Amino acid sequence: MLVDVDLLTFYGGITETFSHSEVIFEEGDAPRFYYQIINGSVKLNHVDDDAKELIQSILYKGQSVCELLLFIDEKYPVNAVAISQECTIIKVPKSRFLMLLEEHQQPAIDVRRFIAERLYQKFVMMQNNSSKHSQVRIKSILTYFKSFSEDQSPYSYEVELTRQQLAAITGLRIETVIRSVKKMEKEKILKIENRKIYF
DNA sequence: TCATTAATTTGGC
DNA sequence: GCCAAATTAATGA
């Protein structure tokens, strides 16, 4: 957990449960809470004029959601949507959370580090994601998600993202994802077993 | 279990 | 890359 749950509770944290595809906050909303995922996963996305979805990031248990908006005065640039069946989130009012950070050194350090970490990942992904080679884009995303996994040996990571989600993250078409992934299997970059991708 | 819906895959342009 | 159609998996009554 990024910040201790008891501490969050002490500062007014309330848990809330969302089911699959329920919206936690929407693009354009004014940020009013710090959100931390107790259980489940959340996607941050944007839907463009053509109704095409771009997934900005996917967040898991223990991570906070768009915490950077608490430090500036802007509206949310993305939607936050639960993508696990059960998604439990603790939320703390903005002002109280800022108070928490002032009164506690360690969480302040951890949150700062988390933001830096994610900004760094964003740089890396942006560069790879602008590659004209679809395989580079996909591999970069897989590497990123695998980085959360303990086991770093080849084919050990079972990709839980659907091909649609991969397409929405990389900005590629679904068909392109499917065809590239198959090529990558031939090139022994990954393995496919009954539709599941192992990287 | 059957019907419906969503996701995946293939092929043509 | 785009679209349509076929196939398969997941979901719910």
Side-chain angles (χ1 to χ4, degrees), chain A residues 15-29 35 37-63 65-66 76-90 118 121-199:
Chain A
T15 52
E16 224 171 291
T17 300
F18 299 85
S19 51
H20 182 266
S21 75
E22 265 195 284
V23 174
I24 298 157
F25 58 74
E26 280 185 287
E27 191 172 333
D29 285 353
Y35 297 92
I37 305 172
I38 306 276
N39 228 322
S41 47
V42 172
K43 70 176 173 186
L44 300 180
N45 75 351
H46 168 78
V47 179
D48 68 19
D49 310 327
D50 303 329
K52 267 169 209 144
E53 177 186 32
L54 176 67
I55 297 179
Q56 285 283 6
S57 56
I58 293 185
L59 300 164
Y60 296 101
K61 182 194 291 191
Q63 300 180 314
V65 182
C66 260
Y76 282 118
V78 290
N79 308 296
V81 183
I83 53 173
S84 51
Q85 282 318 320
E86 283 268 307
C87 182
T88 310
I89 286 181
I90 183 165
R118 289 185 38 71
Q121 291 296 346
K122 213 64 189 159
F123 270 111
V124 174
M125 287 212 276
M126 279 244 153
Q127 285 166 7
N128 288 321
N129 231 10
S130 55
S131 166
K132 61 177 177 174
H133 304 293
S134 50
Q135 301 204 13
V136 173
R137 297 203 207 179
I138 294 170
K139 193 178 173 188
S140 147
I141 293 300
L142 295 181
T143 303
Y144 171 66
F145 282 102
K146 187 177 179 175
S147 71
F148 297 117
S149 157
E150 282 286 305
D151 193 345
Q152 289 296 311
S153 55
Y155 315 132
S156 65
Y157 175 63
E158 179 180 330
V159 179
E160 77 286 14
L161 298 171
T162 66
R163 273 139 242 251
Q164 287 197 345
Q165 286 175 323
L166 280 176
I169 293 172
T170 54
L172 298 166
R173 291 233 131 220
I174 296 181
E175 299 93 318
T176 308
V177 170
I178 289 167
R179 286 165 178 144
S180 304
V181 162
K182 284 188 173 173
K183 260 190 202 164
M184 290 164 80
E185 184 187 29
K186 278 184 188 152
E187 294 167 14
K188 310 244 189 286
I189 298 169
L190 49 79
K191 271 187 181 172
I192 301 175
E193 266 168 46
N194 54 54
R195 295 184 169 203
K196 292 268 180 181
I197 298 170
Y198 296 87
F199 177 63

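We name chains A, B, ... by the order of the sequence lines, and we start the count at 1 in each one. Bear in mind that the values here come from a model prediction, so they are computed numbers and not experimental data.
Protein atom CD of A:Glu160 is 16 Å distant from nucleotide atom P of B:dA7, rounded to whole Å. For A:Lys183 and B:dT9, the NZ to P distance is 16 Å, given to the nearest whole Å. Between the CD atom of A:Glu185 and the P atom of B:dT9 there is a distance of 11 Å, rounded to whole Å. The interatomic distance linking A:Gln165 (CD) with B:dA7 (P) rounds to 9 Å, in whole Å.
For the side-chain hydrogen bond (donor to acceptor under 3.5 Å, both in side chains) test, no residue two or more places apart in sequence or in another chain qualifies with A:Lys191. Listed by chain and residue number, nothing satisfies the side-chain hydrogen bond (donor to acceptor under 3.5 Å, both in side chains) test with A:Thr176 (two or more places apart in sequence, or in another chain). By the salt bridge (Lys or Arg N to Asp or Glu O under 4.0 Å) test, A:Glu16 is found to be paired with A:Lys91, residues two or more places apart in sequence or in another chain being considered. Residues that satisfy the side-chain hydrogen bond (donor to acceptor under 3.5 Å, both in side chains) test with A:Glu27, not counting sequence neighbours, are A:His46. With sequence neighbours left out, A:Ser153 forms a side-chain hydrogen bond (donor to acceptor under 3.5 Å, both in side chains) with A:Asp151.
Residues from residues 166-181 of chain A that place a heavy atom under 4.0 Å from any atom of DNA chain C, listed by number: A:Arg173, A:Glu175, A:Thr176, A:Arg179.
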Which atom pairs, donor and acceptor, lie under 3.5 Å between side-chain atoms of residues 51-63 of chain A and protein residues at least two apart or in another chain?
from    : atom 1 : to       : atom 2 : distance (Å)
A:Glu53 : OE2    : A:Lys43  : NZ     : 2.8
A:Glu53 : OE2    : A:Asn45  : ND2    : 2.7
A:Gln56 : OE1    : A:Lys122 : NZ     : 3.0
A:Ser57 : OG     : A:Arg118 : NH2    : 3.2
A:Tyr60 : OH     : A:Glu160 : OE2    : 2.6
A:Gln63 : OE1    : A:Tyr60  : N      : 2.7

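A:Ile141 has its side chain out of reach of A:Asn128: every pair of non-hydrogen atoms, C-beta onward, lies at least 4.5 Å apart.
Among pairs with a residue in residues 144-180 of chain A, those fulfilling ring pair (Phe, Tyr, Trp, His ring centres under 6.0 Å) read A:Tyr144-A:Phe148, at least two apart in sequence or across chains.
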> If the sugar-phosphate is the primed atoms plus P, OP1 and OP2 and the base is the rest, what is the B/S/- string for nucleotides 5-13 of chain C, using protein heavy atoms under 4.0 Å?
Replying inline: ---SS----

